[in-house]
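Proteins get letters first, then strands, A, B, ... in listed order; numbering begins at 1 in each.
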Amino acid sequence: MTAFAIVLLAIAAAGFLFRLLRGPSLSDRVVGIDGLQSVVVIAIIVSAARSDSGITVETVLVAVLVGFVATTALSRFIERRGN
Amino acid sequence: MFFLLVLHLVVGIGITAGGRALGRQAFLVAAIAPLATVVWAASKASSVLDDRPVTDSFAWVEQLGISIDLRLDAFALVMVALVSGIGLLICVYSLGYFSHDQPGQARLAGILTLFAGSMLGVVLSDHLIALFIFWELTSITSFLLIGNGDTNARARAAAMQAIFITGAGGLAMLAGLIIIGQAGGTYRISELVLDPPSGGAVNAGLVLVLIGAFTKSAQAPFSSWLPAAMVAPTPVSAYLHSATMVKAGVYLVARLAPMFAMTGSWRTLVLVVGATTMLVGGLRALRQHDLKLLLAYGTVSQLGFMMLLFGAGEYHIAEAGIVLILAHGAFKAALFMVVGIIDHETGTRDIRELHGFGSATGWRVVKVVTVVSAASMAGLPPLFGFIAKEKALDGYLEHGDFAGGTAALVVIVLASILTFAYSARFVLGVLGVFGEPNREVMSVGAHSPSVLFAGPAVVLSIATVLFGLAPVLVDGVIEAATITLFPGSEPKPVELFAGFNTALLLSMVIIGCGVGLTLLRRPVADVQSRASAGLRAVPSTEQGYLAVLRSISVVATRVTATVQNGSLPIYLAVIVLTVTLVPLAAFASELDELPQFIETPTHVALVAVMIAAGLGACIVRHRIAAALMLGAVGYAMAGLYVAQGAPDLALTQFSIETLSTVLFVLVLRFLPRSWRHHAPAIAAPMRIAVAGAVGVAVFVFALSASNARSDVDEPSMSEVMIENSLPKGKGSNVVNVILVDFRGWDTMGEITVLLVAAIGAVSLARPGRRRDETGAPVFEEILDVGDEPKLPEALR
Amino acid sequence: MSVLLAFAAAFLFATGTYLLLQRRLSRILIGVGLIGHGSNILLLTSGSGRGLAPIIGTADPAAFADPLPQALALTSIVITFGVTAFLLALGYRSWRITHDDVVEDDVEDRFIARRRDRDQLVAEEEIAEREQARDEDRR
Amino acid sequence: MSSFVALPVIVPLLGAALAVLTSPWRWAQRVIALVALSSNVAFSVALLMSVDDGEMLVMQAGGWKVPLGITLIVDRLSAVMLVVSSLVMLSVLVYAIGQGAEESRYAAFNPVYLVLSAGVSASFVTGDLFNLFVAFEMMLVASYVLLTLGGRPGQVRSGMSYVVISLVASTFFIAALALIYSATGTVNMAELSERIPELSPGVRTGFSLLLILVFGIKAGLFPLFFWLPDSYPTAPGAITAVFAGLLTKVGVYAIIRSQTLLFPPDAQQGTFLLVLAGFTMVVGVLGALAQDDLRRMLSFHIVSHIGYMIFGLALFTIAGIAAAVFYVVHHIVVKTALFLVAGLIERRAGSDRLSRIGGLVRSAPMIAVLYALPALSIAGLPPFSGFVGKFALVGSGIESDEWAIVAVSLLVSLLTMYVMVRIWSGVFWGEAEDPAIAAWIESDDSRVPRLMTGAATAVVALTVALMVFAGPLYDYAQRTAADLLAPDRYVEAVIGDNE
Amino acid sequence: MTPSVRLPALVIWLTLVWALLWGDLGLASLLSGLGIAVFVVLVARPTGAHGIQITSFHPASALAFLVYFVVQLVKSNLQVAWEVITPWSNVNRAIVAVPLHVTTDGLATVIGNAITLTPGTLTVEVRSDGPDRPPVLYVHVLHFTDVDSLHRDVLRLERLAVRAFGTKEQRSELDRVVAEWPGRVADDEPDSTSTIEGGAP
Amino acid sequence: MNVVSGIFIVAGSALAMIGGIGAVRFRDLYSRMHAAAKAPTLGLVLVSIGAAIAIDTLLAATTLLLVVILQLLSAPVGAHALSRASRRHTPVALDGPDHLTRDEQANDRPADPA
């Protein structure tokens, strides 16, 4: 089950990675990395579920918390300097 | 004996440091040290001559065998007499030479005293390394003394030349001494004499030692520094560059020749070099107009003479050398003093500007001193110099039956003719014969020298005459000295007239030819200058020195400009290539099998992300975009951490990645989007090649290191850590326990690093409170020059 | 350590190196970041291999991932981050001064390179003096 | 006594923390820093005496036994390094206070300086390879901050190069650590000493080379030294002295330690090190010759002399290593002294460009003497400590029949002397060409603060002391070398302690 | 919420986050979290002037809001899925200005966020015309048909939000607006039949 | 792990995949944002629920709840911040790269700051 989920997530990661690499604007890349981050977070939760380990979940908490900060900072940058 | 050295040191430093108030009286104070030495040496003379040398020793670095062993034997006694006796006279002479108080005199007096101490150390040392130590000290003090008139660029250049050449020789010599010492098992000369080592290494060592001795004693081809050193004040020239320091090389040769003259190429080398030096020096002396340079080249020639005498390693010949050392010390110092007097009173040393000095008593005395000393130099009887020459000729005639002995004799005769000629030239020059009418006349009516000024030269002349007439006065010392050098030898007595022999005949020939050469001086000069013009293509030693200096300079600039090109990318390329490629072969040799290719499909996905984003980071042009690629790699890393069972790491990775991104954005937002074009320091294909090499290397490292794990039986540290985490660390999260407890010391350091980095970053990035006219904050540190003293405009 | 992960580390080292060899601080920083990731992969895989999070009580210790490399990697990540942050501050400062993030060549080194191009000598004074003295001597 | 081992790290760190808290009051910071560093001197001397008398002092940080925790160990080598470094740190601090420049202007100076001291000490006392990395980083990050204190354009430029190169070096160090752990399963040096010989020869050799090069970047070996001459001269005056004297030597220490302790004789890279040493010596001294700026000359010169130390190590004989240890100690003190004097010269003459100034021997004879002593020493002229070091090196080289390196070292010694003499001639002799500068130099002497001169004098006095006590020091170095060549004692001290 | 309620709430929230970050709901981590939270609150002194300010809270209505929100979220995802499978089906993107009726920033934020997570819409910008005037949202619409339906949907969301988190005045104000609005918006229950452009035609 | 949690997890992952595909296939920035802001968010929620069921401890559940709340708060805010920022710097053009048929914001804005 989780293996299947991982495959799905890999496809998702590929999609976002494509966006990150392809651009064309900086905002697009931010969309890409944001998505990538979400996918990694989801993947971590999936692996936590698989390995039954609660500790891994904390990682996710932090990731979600700080990921938002990065997006905001990047947005601020785009706002000031453009794409 | 140490008290003498310490006395010199104390007096020297005392005068240098506090002697300003003394003015020229500093030289009187300075005289204390040589005076004490002379008195002390005199008191020890009888026991020393009885073959009961005085010794003293101080172990400095025992494990290395460096100890300061002093030994006053008969030969040393001769040298001490020379060093301290002339030193004493020079001090007195300086009082006359420096007639006014000038700043810097005390410094000169102090360094002169230090030199005297060092020179004393050289001649008293019974230990090769101790000798070397004092030897180098004389080089240093000589450097300071030559450069005494430091505002004169020529003085500086001459000082540099002297220390460069003698320093180079000194280093060769150091290596040579070490080789000899290691081969002989001791550095103590008095022990080496008993059992001199031999062998290939010792031969090489001896050549090196000889190079050192040659440079110090201004032998060809290292002689160029000595004439250049004549820019020094005359007392210095008289003392260092004629009477004492330049004899250090000769002294060393004298000490070593009895042991090593038969070893390897010693004798050939010494004879060839000595002969060349003697001839070339004489020829060049003959062409000088500057009295001081004339003497300098004369000194070079005489030093070559001494090399010929001591280097042969024959005690009969060496005995002549001892006589020559003494005689030379007396007449050459006196002549230098005369030059100093003339220079000081008339302001010139050019023989074309001298027309005689009138008949003041002082000048008459000077003329007498000149004639007597020059005659001694020329080898006229009944002076001390004559005895030296006579003994030398006799020695080579009777005992020069070794290879090259006859050639040496011929050279001595030829060079002695030259010596006669330049001695005559000196005398005639002082007497005003060369004075040219179209030149400014400096000498006539010059103030006549004071008693103190002329006195020391007179004393030396008296010695020249006295020892010439009554050699028996020094006979005992010289014989004892010879026996010291050659234990068991039976030297002939020193006497003025040894009977009608071949040597006497040769002396007559020399004098006759010398007179002829002097009479024919004009045609000879013409021939010489034509020859010299023809020889211009042949590099002189001076040119050799300059070429060395120049090539050092060119090589230094080229190498530095190439290696240190100032470009960070190139530095980094060299560094990463070195670090990765050098160990590559070693690791690659162990890479015989590959581990499993893929552990889990998850890895494939994560690595794919890393690779794609990594490539993206290289390709994208936008800064932030590249930073985002890095971020993507970071997230993939976080994923990998989780996959490897390292959630704590993933957590950290997320936080750090995000923080980095934020910081990047914070900083990069200021940078212009479009930039001035800079040519890359390294072209892209080259960068790719370097990157590829690094990648391959890391790949190999990683695989062969992990293969190697199977070679080690012991468990890894972490197994113990897992066992102990709960019972001892009181924590179930092993990573946390490691960080907080087991390796808390690391964590303390890590926190410190973070804090310091934060302090640094804040202090760099924080603008000051001041604002400029547009209201923008001013970075105070950039502008703040603080309360440093206001510099003159030129220094900004 | 699998071949794949070794390759990943090597690849990160390579791309990082490629970026390092450029003049812009921003690129260099990204290069350093990549190399850092590469070395962390090496560190992480230096242990006993894949495993479960090493938390006592959650599983059999034999199945644990090696905890020590994790701790070491953590320390190194944090330290590298601190230094990177400082470097960024330097970059900012550089921008304040030059309005760019190019790491310029060292001025003094360029000066020496120019001297080489003009074949100037180091010990000019000494050589000139000695040459002059020699010429006088010759006359 | 073995609990003393951690003090040279902990005391400065505590001091740093206090100094941060007291940052509004400079006098308080000064008192703290001086007390911390003075007590460091005291601890270090105590450690040295205790270690020289008997056993190595081992402390397991936090009481965690091997292999749980981090081993801190002081043997003869560490002890002497601690003593010299603490002395140098203390005197330079006094000098910096006297200078009234960066130290007075920036509150960050004292704390960061103390961290630097802690980092240096930590590098010397650690018995754990990873902890060595952390210690390096403590030292380096402090050095970054100190180097760029003031943020002037030159500092920022060279600071970037310096930080980037150090960062890359650190990353490679981490990679090397990873590989070593991967192969052996430990990072404790004593355990490594036992396990590395079990590895296959290629891997052993590879690790040996890798560590030499990684540490070589910090030590400033050819061809890894480029960062050094570009960055050191831009640091604030007093700081350059510490950098020049100490930081590279920490790299040298790491090379000596790792080569002798970790690797069996067949993996020790004697020949390779000799080649590196030769190039390092030559290129460094040529670099120094090509410069006009006093501090740059001296900085290049550091590189050259690192070659000497490596030369001694590369022989892997007692005589060679003893010479290297002696040379390290000598060089730390003497180089620091030279840089401090260079600071005096700059303050007195307003510039440190040889082509612009001159004649200081008349206007500032005291500085001339202060320069002459260490300069003669570093040029290897007798009877100064540099001569003893050179003698020991050349002697051991000849003993081992390494003629090429002996020849190179002597040639370099000559060029070194030439450099020192050129500085002397340029700074102290002659006179400034520009009359304004000449007048400035002639004018009164009061602008060099007494405390600066005093501190410089103290370090110069230390160089003289090295000469006087060269005998005992060399004895000590020889005992150290014997220890280093027999790592069993070290391993026994660390691991035996466990039972 | 008055500060006397808000600050303790903040402390509790921070303590909880702290404890969860430590991955430990034990006494030690709760206590230390409490300490840190109190410290943070005392040091930071959040006055609420610039922060998001929720002025009131009604659990029942909030639940209604949540249910509506979740349903919308699911729906919006289905929509995106559909879009992904059949792209370019209805290329009619637009940015529409939607005036709000509430004046507090906090509510505007909640509404704006909810809009982003509801089908076919994405808040692009919030324009604030002054402290006392309601802000205007600019909404990016994937399938634009007409302005009115969009306004209506937002109003529905706004009303739910105000009922959940608004003050009494705000609620009555909203009721008034809704009453004035032509058409059916007053339904409390989410109505799947009259939403905005669900799916593709 | 039971079937229920498995279904949740697969569903969530599928949503994430849909977001990823959307990020590739949508032709303009805002549409891509629609995809990126919504799909992974719900995906995360679903996976969290699945994981909470699977792990079945109070701590994990609480943490995951917190994760969900934070994600629900932050995703739209991030998307909003990003879209606003892009909007300010993108030249207004109907039928331009953003494929807009109507842009009321352009009318309300006096001038384009870019």
Side-chain angles (χ1 to χ4, degrees), chain A residues 1-2 4-20 22 24-28 30-32 34-39 41-43 45-46 48-50 52-58 60-61 63-65 67-72 74-83, chain F residues 1 3 5-7 9-10 12-25 29 32-33 35-37 39-41 43-44 46-48 50-57 59-60 63-64 66-68 70-71 73-75 77-86 88-90 97 114:
Chain A
M1 208 70 124
T2 48
F4 181 53
I6 293 287
V7 171
L8 296 179
L9 288 172
I11 297 172
F16 287 117
L17 189 64
F18 170 81
R19 192 40 68 202
L20 171 67
R22 185 65 177 44
S25 72
L26 192 53
S27 304
D28 283 303
V30 176
V31 168
D34 242 13
L36 201 60
Q37 192 244 4
S38 302
V39 170
V41 165
I42 293 174
I45 301 179
V46 171
R50 180 167 61 178
D52 229 15
S53 86
I55 175 101
T56 318
V57 178
E58 286 166 44
V60 174
L61 186 59
V64 171
L65 259 178
F68 165 66
V69 177
T71 311
T72 319
L74 286 163
S75 307
R76 291 278 297 164
F77 174 80
I78 294 170
E79 204 167 326
R80 287 178 70 131
R81 295 289 305 280
N83 275 305
Chain F
M1 189 190 301
V3 180
S5 76
I7 288 169
I9 285 173
V10 170
S13 306
L15 273 177
M17 179 191 72
I18 284 166
I21 296 174
V24 177
R25 295 195 64 175
L29 173 66
R32 294 195 276 261
M33 266 185 217
T41 306
L44 189 98
L46 293 183
V47 171
S48 300
I53 296 170
I55 300 173
D56 199 23
T57 63
L59 180 65
T63 316
L64 283 170
L66 197 60
V67 168
V68 167
L70 283 172
Q71 177 71 11
L73 282 177
S74 66
V77 173
H80 168 217
L82 186 60
S83 58
R84 184 177 73 160
S86 328
R88 289 205 173 162
H89 275 278
T90 315

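Here the OG atom belonging to F:Ser48 is positioned 10.5 Å from the CG atom belonging to F:Leu66, to the nearest 0.5 angstrom.
Among A:Gly15, A:Ser75, A:Ala5, A:Ser38, the residue making the largest number of heavy-atom pairs under 4.5 Å with chain F is A:Ser75. Ranked by non-hydrogen atom pairs under 4.5 Å with chain A, the options F:Leu70, F:Leu73, F:Thr41 are led by F:Leu70. Of the listed residues (A:Val69, A:Ile42, A:Leu74, A:Ile11), the greatest number of heavy-atom pairs within a distance under 4.5 Å of chain F belongs to A:Ile42. Ranked by non-hydrogen atom pairs under 4.5 Å with chain A, the options F:Ala16, F:Gly20, F:Ala14 are led by F:Gly20. With chain A as the partner, the residue from F:Ala51, F:Ala75, F:Ala23 showing the most heavy-atom pairs under 4.5 Å is F:Ala23.
Between A:Arg19 and A:Pro24, the closest side-chain pair of non-hydrogen atoms falls below 4.5 Å.
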Exercise for review: Given salt bridge (Lys or Arg N to Asp or Glu O under 4.0 Å), test A:Asp28 with F:Arg32 step by step and report yes or no.
Suggested key: CA-CA 8 Å; A:Asp28 283 303; F:Arg32 294 195 276 261; 2.7 Å; yes
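Using a distance-only test at 3.5 Å, with no hydrogens or angles considered, no donor-acceptor pair links the side chain of F:Gln71 to the main chain of A:Val64.
Across every non-hydrogen atom of F:Gly12 and F:Leu46, the tightest pair is CA-CB, 3.8 Å.
Looking at A:Phe16, the atoms closer than 4.5 Å to chain F (heavy atoms on both sides) sit in the backbone and in the side chain alike.
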